[in-house]
Structures are given as structure tokens and as C-alpha cells.
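Per chain, numbering begins at 1; letters A, B, ... match sequence-line order.
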Amino acid sequence: MTDYRHRPNDLGACDDIGDAERLAAQQFIHGLLAHLHEDDPDRQRARVVGVMDAIRRDDAARSRRMRFPDWRLVASTAAVAMLLVTLIVAGLQTERSALALVRTSIAASAAAGDRAYEMRVTPPGGTDEDEILAGRIDARNSQHFVIDLLTPFGHRIVVGNDDDGPWAIGHDGRTQRFQDDHPRPRWLELSDTVFLLDSVDAMLERLPSQYGLELRAPESLPDGSLCDRISAVSSGPRSPDPQRIELWIDPDTRVVRRMELHWPDDGRAARRGGSGGRRRHADRGDGEYSGPLRPRRDFVRDPNRQPPGETADGTPMALAAPPDPNGLRPGDDGPPPPQFLDRPPDFRGGRLPPPRRMVFERVTVDPFPEGWFSPEIHETETGWSPEWRHRCGDGPRRPRPEP
Amino acid sequence: MPPPSPSDRVETSAQEVFEILVREHADMLTAFLRSLVYDSAAVDDLFQETMLTAWRRLPDYDRERPFGPWLRGIASNMVLQHRRRSRTKLLSCEPAVLEALDRRFGTLELVPADSFRARAERLRTCMERLPQKLREVVELGYARGLLLREIGIALQATEEAVKKRIQRARDMLLRCLSVDASSSGEPEGTP
């Protein structure tokens, strides 16, 4: 097969057009057409890498040519300082570009098709080692998504959005639909923290209006892929939403590969005693799990509610969670089940702090089957194998759906 | 190995920031060079020389002005130098043409879109609106990389006829792109 890439093309020739404007117009379209057909993203990336290599080589050679160490230090520091000032000013463009990149990413996400993100949570006051795998977000766009999470104490919560609007399946397996006058809650209260229940796409769409954006230097993910980086800091009045959001965006598809939500640690978690992560309970104070947990004193059980894991006639529900290695089941004398909050939490004066960090990381999935974003399929689909639940580690959470 | 000096660290951050600028303007610069140079290998060389020169001359960059036109100015000088030292055939790069070309690219940068590539991609939609005869020559020339003579053989037309068709196609594409920009609420901008 002929490689036309390095073949001089004569298509731009317009010798018989004398007028400079017309000539420029012809060459302009020629340049765009040639660029569109010959310069794919790989080639552009190679050009950028080539330029940066050349710059590093050039800088190294220029440094070697400087004979006098003192002069070299003064001159190079001054020159570099000037460069940085210039680049910061040129950064006015990068600020615009950060917004452009986020907008591109929003558009790309809307057209990217089926995606999934694993959700990892670092509890309040916790360290990176306390991070747990809490759930998964399946998304097609901002209007079609499913957030399926399992709390550290075995309660399963699923929320989503389909053609008929938002819905949620509570820890008791009951499905609820929400309307405009009663929107789907964005917050879920656990025993020791309050989770944000938003899709990656929805968070992304909030960025341009609610956050100040900064374009950072490209950064690699652990798998080695180089991503565009955006740092977003909340610019509005203090709200329970994350104070800072970090984004890793695929430079080719412009789709988010990783999103980190950060809340400030005001020390309340530490005062409550322990990180509150899996196997830990903030109310115990020692941070270690060593036996059945008692309900919080301020938790009052609804006497009319069915026991978790059972339907009204007492038969086990499809979603009934098996006991964990410590014998705890949802509804045992463990922590209270998760509750949706009808209003945003007040992290300044509220009882519970936000998590320290939530991370959404893209994972590979096949296209989702018909009806995946509606609640019906998730009412019977448990997805969480006991082994996986207890490990809360890697591996697929549910069999890949057939396309 | 000695630890990096403060100067080294600052220089590294400057390079990282410059890399962002390079990536952001890579598509625009490549398209600009392709509107002046036929040969892809020459485009690669000129791209690198332009960016390297921009890096060296950054202290001269007027901070009040946008980065894109400054980069195109350097690229224009590089193309002129290339013409002097090389026998590679170039497209017209007379000063008046270079100025008009720069204005065209400047106008394209005003079109609301998320990237230069996204703006350029509008041409694909415009190509679909071309009459069959014109779309055919554009596809043979740009997608399949055929020379005028080869397109003529494929279409059983003279080289001159093919050339005229491509020119007409480009005129129509330019109008389509300008109308597209106008309908997006942006000025057509080009005289």
C-alpha cells in the first residue's frame, strides 16, 4: 500500500490566481484539508514530543557553552525567571484553554457512549491506605447513568437516571422515582460520613460555572498513559460540594479518565476518633472493628420498616446481602443503614464530615444492554459477589453485560 | 548525582508550561505550514524549528498580544528561510499572501469551538455539501493523496480541468466555512 504521507502534493498550486486574497483563501482551505487528512493525533503527539526533546537538548547544549559558573547561574536564573513570567502571561490563554478543555470534555463525554468508573472513597480523616472501593458508575451521558454502591457495612444503594428521570433503590430494595418537585437526593448519609451521589458527567458540567479552572502540566496515570490535567477549585460561596476537583483527561478522546473530589479536612473526623473506613466505626472511637457494632444513640429505628433483606411477606429479597466475615448483616445491631438526605448537608455545623476524597477511575466495559439505566434491571441484579464484597478490591464487580 | 538546583527546577517547570502551549497550538501551526509547504517532511522540520525558535525568543514575546499570531509570524519567517535554502517547491509565500493567510487563520480562531481541530473539522460537514463532482476530486486529492495528473486519469479529465474543479471546491468550502462561522454568531471577518 502506498504511503502518501511524505509525498509532495500539487493540489495547492494556483499559479493563475493573481490576487493575494484569493490566493491566500485557496491556500488556507488547502492547508486545512491537508491537515485534516494527514495529521492525526498520533502524528501531532509525535511532533510535540520531538519539539520538547529538541528544546531539552538545546537548553543542555546552551548551558554547556557557558564557561563561567557564576555568570551561568545569574544568566540562566534571570532568563528562566523571565520565561516563567512570560509563560504565566501566556497562561491567560491557558486559563481560557482550561475552560475550553473542560467544555470539550463535556461534549466528548456526551458522545463517548457507554463508560464505567470505579468509585473509591477515602473516609474522613483517613489516609490513602484507608481508601475503599465503594461502587461503580455506569454512564452513557449526563442523563443516563447508574451509581451502584455498597457501603462498608453491606448496604447496597443504587441511584440512576433514565428516559423517565431520576430514580433510586434504597438499602431496603425499594425503588423510588423522583420528579421536579422532589428531585433525587445528591447526598447519602452513612454512619460516619456523607457521600456525594453524582455522576462524573454531572460533576464535569458543574465545573465551568462553579469552579475556577487551571490547566496543569500533562500527567501520567499509573498505567503510563499521559493525560491532560485540570485542577478546579470551588469559586462560589462555601457549599458542601468538593472544594477541589482534579481531572485527568484523555488527550485523544477528551473523556475523563480519572476524577478526584477533595474536601478540606477540618479535623472533625480526627476528633471523632479514627478514620471511619471499612471495618471502622467512628462512634467506637478506637477506629478498629472488633465485634458487632451498636446503633448510634441518636439513631431511632422505624418500627414499620421491613427488616433489611426481606420483603413484606418475610421472603428474602434478591438484594439481601450475605453476612460479612464478622457476621454483620444490614439491619443487624450494626451501624444504621444509609439514608438519603433531602437537603445538602452542612459540613460546618452538621454531625458528620464529608469523606476526605472520592476518586472515580475509568474501567473497561462492554456496551450496556437495553434498559441498563432503568431501575428494573438493578432491582434483581445483585452484581456484588460475596467474595468481591469482602475483598472490596479489584476485579469485575458483576459479569460484563452482554451487548 | 547532585540534586537539581533551583534554576534547574524552574527551567523544568517553564518547559512543562511551554509544552502545554505547544500542544494547544500544534494543530493551528501544522495547518498554517501546510498552507505554505507541500512536503510533509518539510512541515515536520518547520514545525520543530518554529517551536524551538519560539522557545528561545519567549522573552521577546509581547504579552499584550495572543500567542497564535506571534507563532505564525515566526513560522512565516521560517518558511521564507526554507525557501531560500531549499529547492522544495512551496506554495505562494509573498508578503501580501502571508498577511492574508494570517488573517484567515486569525478569523478561524474566533469561531466558537473547543479547539482549532474542532473548528477545522467543520470542513468535513462542508465537504458533504459539495456537489458530487467537486467532492470527488477533493477526496481523491486529499484523502487518497493523488496528484492532479493521477486524478485526471482516474476521472478521465485533463489536469487543467481537475485543477479548476479543486479551486471551485475550495471556494465553496471557504464560503461554507464563513457562513458556518456567521451562523454561530461570529464575524465572517475576512475581507
Discussion item. Within the structure provided, determine whether A/Gln27 and B/Arg104 are in side-chain contact (heavy-atom separation under 4.5 Å).
Written reply: no
Discussion item. Quick check for you: to the nearest 0.5 Å, what is the distance between B/Gln48 atom CD and A/Asp53 atom CG?
Written reply: 8.5 Å
Discussion item. Does any part of the side chain of B/Glu24, heavy atoms only, come nearer than 4.5 Å to the side chain of A/Leu215, both counted from C-beta?
Written reply: yes
Discussion item. Below 4.5 Å, heavy-atom pairs only: which of B/Leu108, B/Leu98, B/Asp102 has the largest tally toward chain A?
Written reply: B/Leu108
Practice prompt. Grab the two heavy atoms, one from B/Arg34 and one from A/Arg47, that are nearest each other, plus how far apart they are.
Written response: NH2-NH2, 3.6 Å
Worksheet item: What distance separates B/Glu121 CD from A/Leu36 CG, expressed to the nearest 0.5 Å?
Response: 5.0 Å
Discussion item. Salt bridge check, B/Arg117 against A/Asp39: does any charged N sit closer than 4.0 Å to a carboxylate O?
Written reply: no
Response to the item:
Ranking B/Ile166, B/Asp27, B/Leu52, B/Thr50 by heavy-atom pairs under 4.5 Å to chain A gives rank one to B/Asp27
Practice prompt. To the nearest 0.5 angstrom, please state how far the CG atom of B/Leu177 sits from the CZ atom of A/Phe28.
Written response: 6.0 Å
Worksheet entry | Check: B/Glu94 side chain, A/Ala20 main-chain N or O, donor-acceptor pair, under 3.5 Å | no
Item to complete: Output the option from B/Ala96, B/Pro95, B/Ala120, B/Ala169 having the highest count of non-hydrogen pairs under 4.5 Å with chain A.
Response: B/Ala120
Discussion item. If we define contacts as heavy-atom pairs under 4.5 Å, which of A/Ala54, A/Ala34, A/Ala217 has the most with chain B?
Written reply: A/Ala34
Worksheet entry | Non-hydrogen atoms of A/His30 and B/Ser35 that approach each other most closely | CD2-CA, 4.4 Å
Worksheet item: CZ/B/Phe47 to CZ/A/Arg43 distance, rounded to the nearest 0.5 angstrom?
Response: 11.0 Å
Practice prompt. Would you please indicate if the ring centroids of A/His35 and B/Phe32 are separated by under 6.0 Å?
Written response: no
Practice prompt. Give me the one residue out of B/Met51, B/Arg23, B/Glu19, B/Glu49 that meets side chain to side chain contact (heavy atoms under 4.5 Å, CB included) with A/Val51.
Written response: B/Met51
Worksheet item: For B/Ile20 and A/Pro218, which heavy atoms make the closest approach, and how far apart are they?
Response: CG1-CD, 4.0 Å
Discussion item. As an exercise: rank B/Thr30, B/Val22, B/Val162, B/Ile151 by heavy-atom pairs under 4.5 Å with chain A and give me the winner.
Written reply: B/Thr30
Worksheet item: Given a strict heavy-atom distance threshold of 4.5 Å, which part of A/Arg216 is in contact with chain B: side chain, backbone, both, or neither?
Response: backbone
Worksheet, complete the sentence: Residue from A/Pro251, A/Ala25, A/Ala46 scoring the most non-hydrogen pairs under 4.5 Å with chain B is A/Ala25
Discussion item. Could you report the tightest heavy-atom contact between B/Ser40 and A/Glu38, atom names first, then the distance?
Written reply: OG-OE1, 3.0 Å
Worksheet entry | Test item: B/Asp171 and A/Ile29 side chains (from C-beta on) under 4.5 Å apart, heavy atoms | no
Worksheet entry | Heavy atoms from other residues, nucleotides or ligands near CZ of B/Arg168 exceed 12 (cutoff 6.0 Å) | no
Fill in: Smallest separation among heavy atoms of A/Ala24 and B/Leu101, with atom names
O-CD1, 3.4 Å
Item to complete: Please report the shortest heavy-atom distance between A/Leu33 and B/Leu173, naming the atom on each side.
Response: CD1-CD1, 3.9 Å
